[in-house]
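These numbers were taken from a predicted model, which means no experiment stands behind them. Below, chains carry the letters A, B, ... as their sequence lines are ordered, and counting in each starts from 1.
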Number of protein chains: 2
Amino acid sequence: MATIRDVSQLAKVSQATVSRVLNGTVPVSTTKRTAVLAAIEQLGYQPNAFARSLATNRSQAIGALVSELSSAAYGDIIRGIESVVEARGMHMVVSSGHARSDLERRSFEFLKERRTDALIVQIDATGDDELAAWVEQASLPVFVVGRHIPAIGDRCVYLDNGAGGALATRYLIERGHRHIAHIAGLMRIPDARDRLAGYREALAEHGIEYDEALVAEGGFVEEGGYRAMQQLLAREISFTAVFAGNDQSAAGALKALREAGLNVPDDVSLVGFDDLFIAHYLYPALTTVRQPFAEMGQAAAWLALNALGIGQEEEVTRRFDPVLSERDSVTAP
Amino acid sequence: MATIRDVSQLAKVSQATVSRVLNGTVPVSTTKRTAVLAAIEQLGYQPNAFARSLATNRSQAIGALVSELSSAAYGDIIRGIESVVEARGMHMVVSSGHARSDLERRSFEFLKERRTDALIVQIDATGDDELAAWVEQASLPVFVVGRHIPAIGDRCVYLDNGAGGALATRYLIERGHRHIAHIAGLMRIPDARDRLAGYREALAEHGIEYDEALVAEGGFVEEGGYRAMQQLLAREISFTAVFAGNDQSAAGALKALREAGLNVPDDVSLVGFDDLFIAHYLYPALTTVRQPFAEMGQAAAWLALNALGIGQEEEVTRRFDPVLSERDSVTAP
DNA sequence: CCTACTCCTGAAAGCGGTTTCAGCAAAGGG
DNA sequence: CCCTTTGCTGAAACCGCTTTCAGGAGTAGG
C-alpha cells in the first residue's frame with residue numbers, strides 16, 4: 001500500500017504538503033497541487049484511516065447501538081442513521097444489545113472503546129436512570145432514539161407516544177365506538193405507559209369512563225396480544241373496538257378474534273401502533289399509528305453530527321408526532 | 001484519557017511491559033504484572049484502538065455490505081454476522097448498497113478504505129462477473145453471502161435455490177397437485193432462475209409437463225406477485241397450486257386470489273420462499289421454503305475469521321439446504 | 001568457577017498520518 | 001527603497017501503541 005511518503009517523494013514535495021492537498025486545510029500552489037494529485041492517482045494512494053484517526057483523534061464513524069438487529073423497526077432506524085452519516089462521508093459501526101441489559105452495557109462499552117465520535121443508542125432493557133447516567137458520563141456525545149428520558153431530554157429523539165395513544169383512541173371514538181378495549185404493552189417500558197395514558201386521555205375527552213376491565217397486557221409481542229385478547233373476550237364485557245399497543249400484539253389479537261369467530265372490522269375494529277410493514281400484510285390490513293422510524297434515525301444522526309460540529313446546524317426535530325395510517329381494520333360499530 | 005505511558009509510569013515499568021501484559025504476547029513477572037494491572041485499574045485506562053490498529057495493521061473489525069438495511073432478511077443476516085464477530089471481540093461496520101449498483105460500488109470502496117480486516121457482502125444489483133472481480137482484486141478477504149458465483153465458489157455462502165424450488169414443488173405434487181403455477185422472481189437474479197429450474201426439475205421428476213403458460217414473473221416484490229397472479233388467472237388455465245418465488249410475491253398473490261374470490265388453501269394452495277416473518281403473519285399463514293439467513297450470516301463470518309486466522313478452523317458450511325416451513329396455505333386439491 | 005542458555009525487561013524505532021513552527025519569497029505600505 | 005505582511009512550504013514533533021533488539025539477571029551445564 002502506498003503511503004503519504006511515497007506520494008510526497010513522487011510529487012517531490014513534503015508530506016505536509018500532500019496532507020494539505022488531501023484535507024484542503026491550507027492553500028497549496030497550483031503546480032504542487034496538480035503534482036500531488038497526479039502522484040496520488042498514479043499510486044492509487046488511499047490515506048490510512050487509522051493513522052489519520054490517531055493523529056486527529058477523530059474516528060469518522062458514529063456508533064449505533066440497537067436493541068435487536070433483526071427487528072423491522074430497528075432496521076428502519078439504522079437505515080435512517082446510515083443515510084445521513086454516510087452522506088457526510090462518515091461510517092457507522094453497529095452493535096446489538098440483544099435485548100438484555102447486561103449485553104447492552106457490554107455493547108455500549110464496546111463502542112465507546114472503539115472510539116466512535118458519537119453514539120446513538122436505541123435500547124429497551126436498560127432503565128431510564130441508568131441510561132441517563134451512561135449518557136451523561138460518557139466521554140463522547142450520546143443520543144437516544146425511540147425513547148424519552150426527561151433528565152436528558154435534549155439528547156432524545158422520540159415519538160410522542162401519549163399523543164399516539166390518544167390519536168388511535170380518538171379515531172375510534174370519532175367513528176362511533178364507545179366501548180374500546182386496550183391491549184397494553186410492556187409496562188416497564190415508558191412507551192407502553194404513555195400510550196395507555198393517551199388512551200385514557202382520549203376517553204376522558206369524550207366523557208367515556210375508563211374501565212380497567214377493558215385493558216389487558218400484551219407485552220408488545222404477538223403471543224401476548226393473542227392471550228390478552230383471549231382474556232378480554234373471556235371477561236364477557238362487550239367492546240366494539242380494540243387499540244393494541246403495537247402492531248405485533250395487534251397481530252396476535254387478530255388471530256384470537258378470528259379464532260373466536262369474530263370478524264375484523266365488522267364485529268370488532270382494531271388499531272395498532274408502529275406501522276411496521278407487517279401491518280400492511282395482515283388481513284385485514286391494519287390501521288395503525290405510524291412511527292417514523294427512519295426519520296427518527298436521521299434526526300438522531302443529525303444531532304450527533306451537530307454535536308461534532310459537522311452537521312447542518314439547523315434545528316433538529318426531537319419529538320415526532322404520530323400519524324394515522326388508515327387501512328382496513330376499522331369501521332363504524 | 002490515560003495512555004499506556006501514564007500506566008507505565010505509574011507502575012514503574014516500561015511501555016513495552018504494559019503492552020505485553022495487555023496482549024499476553026510475552027510472559028511478564030508476577031510482580032510487574034500486578035503493578036501494571038493495578039495502574040490500569042486505577043487510571044481507568046483503555047487502549048486506544050487507533051494506535052493499536054496503526055501499529056498492528058489490524059482493525060479488529062469486519063465490514064458488512066448489505067443490499068438494503070431495512071429488509072427483514074438482511075436484518076437476520078447481519079444479526080448472524082454480528083453474533084459471531086462480536087463473540088470474537090471484534091466489531092462490525094455496516095454499510096448499505098441501497099439496491100443500486102453504483103452505490104454498492106461506492107460502499108464497497110468505502111469499507112475497503114476503512115480497512116476492515118475482512119468484508120462480507122450481500123448485494124443484488126451488481127452483476128456476477130463484476131462482483132467476482134471485486135472479490136478477487138480486493139486487498140482483503142471478501143466473502144459473499146446469499147449468492148452463488150461459481151468463479152469464486154469457495155467464497156460464497158448461499159442457499160441451494162434449485163433444491164428449494166424443487167422442494168416446494170415436490171411438496172405440492174406429493175399432496176396431489178398436478179397443475180402448479182409459478183410466480184417467478186427477478187430473472188436477472190440467479191436465485192430466481194435457480195428456483196424456476198428447481199420447479200421444472202420437480203415437475204419432470206413426476207412426469208408433469210412444463211407449461212410456460214403457468215409461469216408469470218413477479219419480480220420478487222409484492223406488487224409484482226399481485227399482478228403476476230392476476231395474469232395467471234386471466235389466462236384461464238386451471239391450476240390448483242402456486243409456488244411463489246419469494247414470500248413477498250406470495251403475499252401479493254394471496255391478495256389477488258382473495259380479490260378473485262378464491263380461497264387459500266381450499267381453492268388454491270400457495271407456497272412461498274424465504275420464510276421471512278411476514279410468512280407467519282399472512283392469513284392463512286404461509287407455507288414456505290425456509291432460508292436460514294442468520295445461520296448463513298454466521299457461516300460467512302466464520303469464513304472471514306478463518307481467513308484472518310482467528311476462526312474456529314472447523315469446516316464451514318457454504319451451501320445451505322432449504323427446509324420447508326409448513327403452515328396453513330397448502331392442502332390437497 | 002566459567003560459559004551458555006533462558007527469561008524478562010527497557011530503550012527505541014517504527015506504523016502513517018496531522019500540525020506546529022520557522023523560514024523564504026513575493027507583495028504591499030510608507 | 002526598506003520594512004512589514006501575506007502566502008506557501010518543509011522539517012520535525014507528535015498521536016499511542018507494538019515490536020525489535022540488545023542486554024542483564026538468573027539458572028543450568030560442564
Show the nearest heavy-atom pair for residues B:R188 and B:D124, with the distance to one decimal. NH1-O, 3.5 Å

Those residues that, when tested against A:E314, pass salt bridge (Lys or Arg N to Asp or Glu O under 4.0 Å) (two or more places apart): none

Short of 4.0 Å, heavy atom to strand atom, which residues of residues 48-57 of chain B count as contacting DNA chain C? B:L54, B:A55

May I have the distance from A:Q60 (atom CD) to C:dT18 (atom C1'), rounded to whole angstrom? 13 Å

If you look only at distance, which donor and acceptor atoms sit under 3.5 Å apart when one is on a side chain in residues 47-55 of chain A and the other is two or more places apart or in another chain?
from: A:N48; atom 1: OD1; to: A:F50; atom 2: N; distance (Å): 2.7
from: A:N48; atom 1: OD1; to: A:A51; atom 2: N; distance (Å): 3.2
from: A:S53; atom 1: OG; to: A:A49; atom 2: O; distance (Å): 3.0
from: A:S53; atom 1: OG; to: A:R58; atom 2: O; distance (Å): 2.8

Going 5' to 3' through nucleotides 6-13 of chain C and flagging B where a protein heavy-atom sits under 4.0 Å of the base, S where only the sugar-phosphate is that close, and - otherwise, we get --SBBB--

Mind checking side-chain contact (heavy atoms from CB on, under 4.5 Å) for B:F320 and listing every partner two or more places apart, or none if nothing turns up? B:V157, B:L159, B:P292, B:E295, B:M296, B:A299, B:T317

Are B:D76 and B:R79 within salt-bridge range, i.e. N to O under 4.0 Å? yes

Which pairs pass ring pair (Phe, Tyr, Trp, His ring centres under 6.0 Å) with one or both residues in residues 53-77 of chain B, sequence neighbours excluded? none

Selection residues 132-146 of chain B - residue pairs positive for side chain to side chain donor-acceptor pair (under 3.5 Å), sequence neighbours left out: none

Quick one: does A:V36's side chain get under 4.5 Å of A:V28's, heavy atoms only? no

Which residues share a salt bridge (Lys or Arg N to Asp or Glu O under 4.0 Å) with B:R319, sequence neighbours left out: B:D160

Look at all strands and tell whether A:T3 reaches a base, only sugar-phosphate, or nothing, counting heavy atoms closer than 4.0 Å. sugar-phosphate

Minimum-distance pair of heavy atoms, taken over all atoms of A:I149 and A:A132: CG2-CB, 4.2 Å

Over its full length, what angle do the end axes of the helix from C:dC1-D:dG30 to C:dG30-D:dC1 make, each axis taken from five pairs and the result rounded to 10 degrees? 40°

A:L22 CG to C:dG17 P: how many Å, rounded? 8 Å

Residue set satisfying salt bridge (Lys or Arg N to Asp or Glu O under 4.0 Å) with A:R147, at least two apart, ordered chain then number -> A:D128

Suppose we screen for salt bridge (Lys or Arg N to Asp or Glu O under 4.0 Å). Which residues come up paired with A:R88, at least two apart in sequence or across chains? none

Quick one: how far along DNA chain D does chain A reach, first to last nucleotide 5' to 3', anything under 4.0 Å to a heavy atom? D:dC8 to D:dG16

To check you understand the geometry: which heavy-atom pair defines the closest contact between B:A125 and B:S101, and what is its length? CB-N, 3.4 Å

